[in-house]
Amino acid sequence: MPELPEVETIKRDLEKILTGAILKKIIPYNLRFLEKNNLSLQEFKSLEGERLNSFLRKGKFLALLFKERALILHLGLTGSLLLNSKNSSPSPHNIFSLIFDQGELLFRDPRKFGKVFLLSMDDLSTFLNHLGVDALELTFEELKKILQGHRGRVKNLLLNQRIIAGLGNIYTDELLFRAKISPFRRGMELSEEEIYRLYQEMQSLLAEAIALRGSSIRDYVDSEGKKGRFQEKHLVYGKSGTPCPICQTILKRTIIAQRGTTYCPNCQK
DNA sequence: TTCAGCCTGTCG
DNA sequence: CGACAGGCTGAA
């Protein structure tokens, strides 16, 4: 669910409320989830009493920066971070709650594909360096270099978080449609003009999606439990079998990078 | 570079 | 009942 625009929306909301807050108590709900993530209860609990200094996002990862350590969260497909949620009745979807002096943050994840881990500041920079450049920070020159250096399909490149961090299946399909580039094309064969189009469309797409607080197809909700609105602007994602909004050709669905991929066989060259 | 696997839910 | 789902990893 959460790709860059959704995580960025959550980050901006949380930092308004929780920056500088003291973490009073951690309530673990799903021990199996923590165990799977190699986070021991003892280590996790050792954060209690610390001040949350700031937030950091890179790609789809969100980091909560405490004194000397960072709590890293990834929302997987269905994770959500809810601030002061009313109905925290026992649910098998609840993973843990962080009780701050300025509010309560609940991490839920029905499918449990999310991640949580605790890193020292040194390990944090190593970890961040393993991710590609954040899609919002990317420059045209960097994108050009990336594409020209890869023979793989452009869709695979855009989805690869070690190359560019932040794009997922929704935004990749929307981006390739807007840039009129076929998902089957290979990075190396794109012209300078096509790369420029891809770059411009990537930046405007992400900016528009953030302005509308992300896309809610199924599960995504922000920290207040509200849906985003960018799904109303989607042009192709999830619309295979319907006419292309530009040329009326029926949109096709295929599998690329093991992901369902929707595109217009006429507009996207 | 493919593919199952991790989980749970929804839709047809 | 099968197909599919905003992600990602590790093994074949």
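In the text below, chain A, chain B and the rest are named by the order of the sequence lines, each starting its count at 1.
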Q | Distance in angstrom units between A/Asn30 CG and B/dC7 P, rounded | A | 10 Å
Q) Between A/His93 and B/dG9, does any side-chain N or O lie under 4.0 Å from OP1 or OP2? A) yes
**Q.** Separation of C/dC4 C1' from A/Asp219 CG (nearest whole Å)
**A.** 13 Å
Q: Check every strand shown and say whether A/Arg32 touches a base, only sugar-phosphate, or nothing at a heavy-atom separation below 4.0 Å.
A: sugar-phosphate
Q) What is the distance, rounded to the nearest whole Å, between atom CG of A/Leu75 and atom P of C/dA5? A) 20 Å
Q.
Could you tell me how far C/dC4 sits from B/dC7 if I compare only their P atoms? Round to whole Å.
A. 22 Å
**Q.** C/dC1 versus B/dC6 - spacing of their C1' atoms, nearest Å
**A.** 22 Å
Q: Report yes if some heavy atom in the side chain of A/Glu6 is under 4.5 Å from a heavy atom in the side chain of A/Tyr171; otherwise report no.
A: yes
Q: For the side chain of A/Arg253, starting at C-beta, report the closest nucleotide among B/dT8, C/dC4, B/dC6.
A: C/dC4
Q: Measure the NZ-CZ distance between A/Lys115 and A/Phe33 for me, rounded to the nearest 0.5 Å.
A: 9.0 Å
Q: Could you measure between the two P atoms, the one in C/dA3 and the one in B/dA4, and give it in whole Å?
A: 13 Å
Q) Quick one: CD on A/Glu15 to CG on A/Leu62, what's the gap to the nearest 0.5 Å? A) 9.0 Å
Q: Answer yes or no: is there an ion pair linking A/Asp123 with A/Arg69, defined by an N-O contact shorter than 4.0 Å?
A: no
Q) Please give, in whole Å, the distance from B/dA4 C1' to A/Gln258 CD? A) 10 Å
Q) Counting only side-chain N and O atoms of A/Arg108, is one of them less than 4.0 Å from OP1 or OP2 of B/dC7? A) no
Q: Compare side-chain N and O positions of A/Lys60 against OP1 and OP2 of C/dC8 and report whether any pair is under 4.0 Å apart.
A: yes
**Q.** Euclidean distance, atom CZ of residue A/Phe33 to atom P of B/dC6 [Å, nearest integer]
**A.** 15 Å
Q) Between A/Lys115 (NZ) and C/dT9 (C1'), how many Å, whole number? A) 8 Å
Q. Considering every strand shown, what is the Watson-Crick or G-U wobble mate of C/dA5 when both distances are under 3.5 Å?
A. B/dT8
Q) Does A/Phe61 or A/Ile255 map to a spot on DNA chain C nearer the 5' end, using the closest nucleotide for each? A) A/Ile255
**Q.** Separation of atom CG in A/Leu73 from atom C1' in C/dC8, rounded to whole Å
**A.** 16 Å
Q: Tell me whether the OP1 or OP2 atom of B/dT1 has a side-chain N or O from A/Arg153 closer than 4.0 Å.
A: no
Q. Between B/dT8 atom P and A/Lys112 atom NZ, what is the distance in whole Å?
A. 5 Å
Q) What do you reckon, do A/Phe113 and the base of B/dC6 stack, with centroid distance below 5.5 Å and planes below 30°? A) yes
Q: Indicate the ring-plane relationship of A/Phe100 and A/Phe66, choosing parallel, tilted or perpendicular according to the 30° and 60° boundaries.
A: parallel
